[in-house]
Q: 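My structure is below; once you've seen it, I'll send some questions.
Given the structure is predicted, the values throughout are model-derived calculations rather than measurements. Excluded from the calculations below are hydrogen atoms, water molecules and symmetry mates; all remaining heavy atoms, backbone and side chain alike, are included.
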Protein chains: 2
Amino acid sequence: MARAGLTAERLARAGAELADEVGFEQVTVSALARRFDVKVASLYSHLKNSQDLKTRIALLSLEELADRGAAALAGRAGKDALTAFADVYRDYAREHPGRYAAAQLRLDPETAAASAGVRHAQMTRAILRGYDLTEPDQTHAVRMLGSVFHGYVSLEMAGGFSHSEPDSQETWARVLDALDALLRNWPAS
Amino acid sequence: MARAGLTAERLARAGAELADEVGFEQVTVSALARRFDVKVASLYSHLKNSQDLKTRIALLSLEELADRGAAALAGRAGKDALTAFADVYRDYAREHPGRYAAAQLRLDPETAAASAGVRHAQMTRAILRGYDLTEPDQTHAVRMLGSVFHGYVSLEMAGGFSHSEPDSQETWARVLDALDALLRNWPAS
DNA sequence: CAATTTGCCTATAGGCTTTAGGTAAGTGCA
DNA sequence: TGCACTTACCTAAAGCCTATAGGCAAATTG
């Protein structure tokens, strides 16, 4: 009975890979056990339950995404920062669709507050340093940027923009142009 | 053995109600059978499988949402049309979270093409008649509007904007102001 | 009113989740 | 080195969900 060397960490990482291969929805404790060639019950020593697994994958993905975002923002400002950050989201979703879906998992408030989700909000706010916005418009803009990034990526992943002209890549560039223009010229209330 | 009067239609409608009550993810053929006080196997005369049920709920929700959108757009133009249409999305999601989640279900291309999703795209394009955009910017704008509406509503539903100032309602109004300003002043490429 | 179709049933099989309790592999201390 | 202890994985089992096959009774039709 050789030991497989399971840990919650390794399970979450393998779960993330599995999510990218078969979709986050299809990630199950059973499938993960199969992947480690181990009986299902064995995983329950490391995972509280199925939801726990999904939460761990979500947290891992949020962190990866935040790390990439931070790397992209380093040394950039203004529109340069805006597009680099936005591209991180889009590229991550294309590279790791399962992880991106995981990152959308609804976390309970406590878990969310302790997650890398907080860094995401901070980074979005950092982008706005390159623009001349004061509160409460800054918060409105943070929320709008998050909405556009998430909304665009998720519609694109759902196939909403494929099989129609113009190319999604072109729209993405123009949407970022538009956001930049908007932030430079945010309407007064 | 009295008959329960099951039809695919009624099942989809009941499934939609169930989705609003317990979440779209939790909608199962079993739960639906319980609701009709009928054995599970009986539903399989009307539904091909579990996915079929979910698809029907999605199609029904897309149609309801399109109907509301059409009603909102009637007799409106410009910013008035923009906000009325956007509010339809947001209000629908708040009123019917399960149905709204269902409307995001990824449909296969054939089903999607025959769905009310097509009307949604047409209506979004109709809103832009009130602004001075020509192709391909019109398409870029259509995609951006869809992204903002979907992104904002879905982040708001996930609790992203609660427990923080300012109020989500205020941000929503300002985001629509910003979109209107942007569409009136779309940057040249 | 008989024949046919339709609607819901029972029975059954297989998959996923989760808990309880057992056994063997690794760890630490004398 | 040897023994106790802990840890890691196991078997077993119950509960719920999906899905199919085949049966009987209720509705429909001529």
Q: Any side-chain donor-acceptor pair under 3.5 Å between A:R143 and A:Q138?
A: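 There is no such pair between these side chains.
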Q: Roughly how many Å is it from CG in A:D37 to P in D:dA8, rounded to a whole number?
A: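 Result: 19 Å.
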Q: What residues form a salt bridge (charged side-chain N to carboxylate O under 4.0 Å, His left out) with A:R184, not counting sequence neighbours?
A: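 Only A:D180 meet the salt bridge (charged side-chain N to carboxylate O under 4.0 Å, His left out) criterion with A:R184.
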Q: Decide if the gap between the ring center of B:H96 and the ring center of B:Y100 is smaller than 6.0 angstrom.
A: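 No, the ring centres sit 6.0 Å or more apart.
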Q: So if I take every side-chain heavy atom of A:R34 and compare against D:dC16, C:dC9, C:dC16, which nucleotide ends up nearest?
A: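 Looking only at side-chain atoms, A:R34 lies closest to C:dC16.
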Q: Go through the structure and list residues passing side-chain hydrogen bond (donor to acceptor under 3.5 Å, both in side chains) with A:E17, not counting sequence neighbours.
A: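 Counting only residues at least two positions away or on another chain, A:E17 forms no side-chain hydrogen bond (donor to acceptor under 3.5 Å, both in side chains).
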Q: With respect to the side chain of B:K39, which nucleotide from C:dC8, C:dT10, D:dC10 is positioned closest?
A: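 Among the listed nucleotides, the one closest to the side chain of B:K39 is C:dT10.
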Q: If I compare all heavy atoms of A:A178 with all of B:P187, which pair ends up nearest, and what's the gap?
A: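 Taking A:A178 first and B:P187 second, the nearest heavy atoms are CA-CG, 3.8 Å.
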Q: Would you say the side-chain atoms of B:T111 and B:D108 include a donor-acceptor pair closer than 3.5 Å?
A: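 Present: a donor and an acceptor within the cut-off.
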Q: Starting the side chain at C-beta, find the nucleotide from D:dT18, C:dT17, C:dT10 nearest to B:A41.
A: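 Closest nucleotide among those given: C:dT10.
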Q: Assign A:A31 to base, sugar-phosphate, or nothing according to its heavy-atom contacts below 4.0 angstrom with the strands shown.
A: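 Counting heavy atoms under 4.0 Å across all strands, no contact is made by A:A31.
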Q: State, to the nearest 10°, the angle formed by the axis through the first five base pairs of the helix from C:dC1-D:dG30 to C:dA30-D:dT1 and the axis through its last five.
A: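 One end axis against the other gives 10°.
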Q: Look at the side-chain heavy atoms of Ile, Leu, Val, Met, Phe, Trp and Tyr, link any pair under 4.5 Å apart, and say whether A:L105 and A:M157 land in one connected group.
A: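 In one cluster with A:L105: A:M157, no.
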Q: Classify B:S30 by what it touches in the nucleic acid, base, sugar-phosphate, or nothing, heavy-atom distance under 4.0 Å.
A: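 Base contact.
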Q: Would you please name every residue forming a ring pair (Phe, Tyr, Trp, His ring centres under 6.0 Å) with B:Y152, sequence neighbours left out?
A: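 With neighbours one apart ignored, the set is B:F161, B:W172.
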Q: Not counting sequence neighbours, list each pair that qualifies as a salt bridge (charged side-chain N to carboxylate O under 4.0 Å, His left out) and has a residue in residues 119-133 of chain A.
A: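 Every pair satisfying salt bridge (charged side-chain N to carboxylate O under 4.0 Å, His left out) with a residue in residues 119-133 of chain A: A:D67-A:R119, A:R125-A:E135.
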Q: In terms of side-chain heavy atoms of B:Y44, which of D:dA19, C:dC16, C:dT10 is nearest?
A: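 Looking only at heavy atoms from C-beta outward on B:Y44, the closest nucleotide is D:dA19.
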Q: In residues 46-58 of chain A, what residues come within less than 4.0 Å of DNA chain C, judged by heavy atoms?
A: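 A:N49, A:S50, in order of number.
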Q: With respect to the side chain of B:S42, which nucleotide from D:dC10, D:dT20, C:dC8 is positioned closest?
A: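 Among D:dC10, D:dT20, C:dC8, the one nearest the side chain of B:S42 is C:dC8.
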